[in-house]
Number of protein chains: 2
Amino acid sequence: MPMSNQKPPGARGSDAVKSSLSVEAWAEAALDALATGGLDAVAVEPLARRLGVTKGSFYWHFPSREALLREALKLWERHETIDARAGVEEMTDPYERIVRLFKQANSSYKAGRLYLALAAASDDPAVGEVVKRVSANRLNYLNQCYRALGLSELDARLWSTFAYATFIGNQQVHRDTPEQFPVDEDFRAYFKLMLKTLVPRPGGPVDGEA
Amino acid sequence: MPMSNQKPPGARGSDAVKSSLSVEAWAEAALDALATGGLDAVAVEPLARRLGVTKGSFYWHFPSREALLREALKLWERHETIDARAGVEEMTDPYERIVRLFKQANSSYKAGRLYLALAAASDDPAVGEVVKRVSANRLNYLNQCYRALGLSELDARLWSTFAYATFIGNQQVHRDTPEQFPVDEDFRAYFKLMLKTLVPRPGGPVDGEA
DNA sequence: CTCATCCCGTACGTTGACGTATGGAAACGA
DNA sequence: TCGTTTCCATACGTCAACGTACGGGATGAG
């Protein structure tokens, strides 16, 4: 049984490739099923049918359904942490960095669905652990960005939580009632409004307590 | 088979009682299971065990699992639309009305979990329909409140969507990473910040486009 | 050519939940 | 007291998915 490394026939040379090619394909399919059908859609036989094979294939690559879930979660966490930093780290200005984060968060509808599906399956301990870690990472990163804007520790925490909650909620509203969600021109106005409201300009007013 | 009215031995007199007593008990249990375990937790035999009975009882009250789901959704929608208006309609000042709505939205953690669980199960057509209706109702009501504040049609739509998304997101963040969510004193500051940011005071500045 | 390993298909046993059939106990009216 | 209605338990068949056992074709090494 593989599950780790066993020299896949393709992609020779870079022996840094740890996971078998098919393993990742199964994991991707699992994430796809998760985004659309929830956690129970991550089922061996349905996925096998979807991929045009049978269980026999699956149980050669994985010891169990739980192993597939673990692999899918690992893949998701990697995507989530890498994509979150991509195109953001290069921005030096903290304001522009936050703007970039927001644009990114609103750009990938599919990633939003995936997060919501995983968050809804947090009852599963393995899922809950990863969701909590990813969510905490995002919040901490946003918090650092707000601190870089000059906000105090408390203010940064409050504003970053505020902003993060808003964008998570946007994904939720967008999914639950798409026809109520602003599009095109309205969305641009909506986005601009949120930006102006949620991220204080470098020279703007700083509000402490009342 | 009942499923509608059949003169429950208790609560005589008010024959306006449409659903049997036990039917509502099953529906409540179903909502409870939904909040904690998701849609698949609404299973006949597990619920029966939880209630200390067997399937025999269930299939006397309901023709199928789907009927239970429908009943639970009906109950949820009723709760959601009634509770949303309770303690809000009496407020005449639109500002105070919105504040009341926000306080209410943040007060019931359990109701938040229920909404998130149902929203996550929107793949089910019956669930999706109700979720969409409830969500749209909330948004429209909030929109009316913002219009009553004097905002234009567009501004009211944007601000109400903004505010609604934020509070939905709060429930999500609160559930996914509870230890990162502000509590006690920090929460009060957080709440105040959101209020000041999201609901313009009657005499405050009105921002149109840039 | 032979053989061993890789990858997958097939057949089987098991489990959990759905739904049905039927019996039975308790309450209630005549 | 007797029968009917109400509510629930038990037993059964079905189905879908998990996991296992085993076989078999392909492919590369010797």
Side-chain angles (χ1 to χ4, degrees), chain A residues 1-12 15 17-27 29-30 33-34 36-72 121 123-124 126-127, chain B residues 1-12 15 17-30 33-34 36-72 121 123-124 126:
Chain A
M1 330 109 179
M3 250 327 271
S4 275
N5 40 354
Q6 84 255 206
K7 215 199 300 182
R12 62 180 165 212
D15 54 359
V17 178
K18 283 187 287 285
S19 59
S20 156
L21 189 90
S22 277
V23 166
E24 196 161 328
W26 279 99
L34 237 164
T36 66
L39 183 57
D40 333 286
V42 183
V44 176
E45 282 157 328
L47 277 181
R49 282 192 291 270
R50 192 182 164 125
L51 293 179
V53 290
T54 63
K55 292 190 302 183
S57 171
F58 176 85
Y59 283 102
W60 190 87
H61 295 285
F62 298 89
S64 71
R65 171 185 178 272
E66 196 186 336
L68 169 64
L69 223 174
R70 277 197 301 269
E71 211 64 26
D123 316 293
D124 184 289
V127 176
Chain B
M1 329 115 177
M3 249 329 269
S4 274
N5 41 355
Q6 86 252 212
K7 217 197 302 181
R12 61 182 164 210
D15 54 0
V17 178
K18 281 186 289 287
S19 59
S20 154
L21 191 90
S22 278
V23 165
E24 197 161 325
W26 279 99
E28 297 269 15
L34 238 165
T36 65
L39 183 57
D40 332 288
V42 183
V44 176
E45 282 158 329
L47 277 181
R49 282 193 291 271
R50 194 181 163 125
L51 293 179
V53 291
T54 63
K55 292 191 300 183
S57 171
F58 176 85
Y59 283 101
W60 190 87
H61 295 285
F62 298 89
S64 70
R65 171 185 179 274
E66 196 185 336
L68 169 65
L69 223 174
R70 278 197 300 271
E71 212 63 27
D123 316 296
D124 185 289

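Order of the sequence lines fixes the chain letters, A, B, ..., with proteins taken first and strands second; residue numbering starts at 1 for each chain. Everything numeric in this text was worked out from a predicted model, so none of it was measured.
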Listed by chain and number, what are the side-chain contact (heavy atoms from CB on, under 4.5 Å) partners of B:Ser64, not counting sequence neighbours?
B:Glu66, B:Ala67
Tell me the interatomic distance from A:Trp60, atom CH2, to C:dC7, atom P, rounded to whole angstroms.
4 Å
Atom pairs, N/O to N/O, protein against nucleotides 23-29 of chain D, distance under 3.5 Å?
none

Separation of B:Leu51 atom CG from D:dC8 atom P, in whole Å?
10 Å
Value in whole Å for how far the C1' atom of D:dA9 lies from OH of B:Tyr59:
15 Å
Of all heavy-atom pairs between B:Ala72 and B:Ala30, which one has the smallest distance, and what is that distance?
CB-CB, 4.0 Å
Rounding to an integer number of Å, can you tell me how far A:Leu68 CG sits from D:dC18 P?
10 Å
Identify the two heavy atoms, one from A:Arg65 and one from A:Val42, that lie closest to each other, and give their separation to 0.1 Å.
NE-O, 2.7 Å
In whole angstroms, the gap separating P of D:dC15 from CG of A:Asp40 amounts to 21 Å
Selection from D:dC8, C:dT20, C:dC8 that lies nearest to any side-chain heavy atom of B:Ser57
D:dC8
State which of D:dC8, C:dG9, C:dC7 makes the closest approach to the side chain of B:Thr54.
D:dC8
Does B:His61 have a side-chain nitrogen or oxygen under 4.0 Å from the phosphate oxygens OP1 or OP2 of D:dT6?
no
C:dC6, C:dT20, D:dC18: which one has an atom nearest the side-chain heavy atoms of A:Arg65?
D:dC18
Without placing hydrogens or testing angles, list every side-chain donor-acceptor pair under 3.5 Å for residues 45-54 of chain B, not counting sequence neighbours.
from	atom 1	to	atom 2	distance (Å)
B:Glu45	OE2	B:Lys55	NZ	3.2
B:Thr54	OG1	B:Gly56	N	3.4

So B:Phe62 and B:Val44, side chain to side chain contact (heavy atoms under 4.5 Å, CB included) or not? Walk me through it.
CA-CA 10 Å; B:Phe62 298 89; B:Val44 176; over 6 Å; no
side-chain contact (heavy atoms from CB on, under 4.5 Å) partners for B:Asp124, two or more places apart:
B:Leu39, B:Leu69, B:Ala126, B:Val127
D:dC7 P sits how many Å from B:Trp26 CH2, rounded?
14 Å
Here the gap from A:Glu71 atom CD to A:Trp26 atom CH2, rounded to the nearest 0.5 Å, amounts to 13.5 Å
Those residues at least two apart in sequence (or on a different chain) that pass salt bridge (charged side-chain N to carboxylate O under 4.0 Å, His left out) with B:Asp123 are A:Arg113
Specify the residues of residues 42-49 of chain A, ordered by number, for which at least one heavy atom lies under 4.0 angstrom from an atom of DNA chain D.
A:Ala43, A:Val44, A:Glu45, A:Pro46, A:Arg49
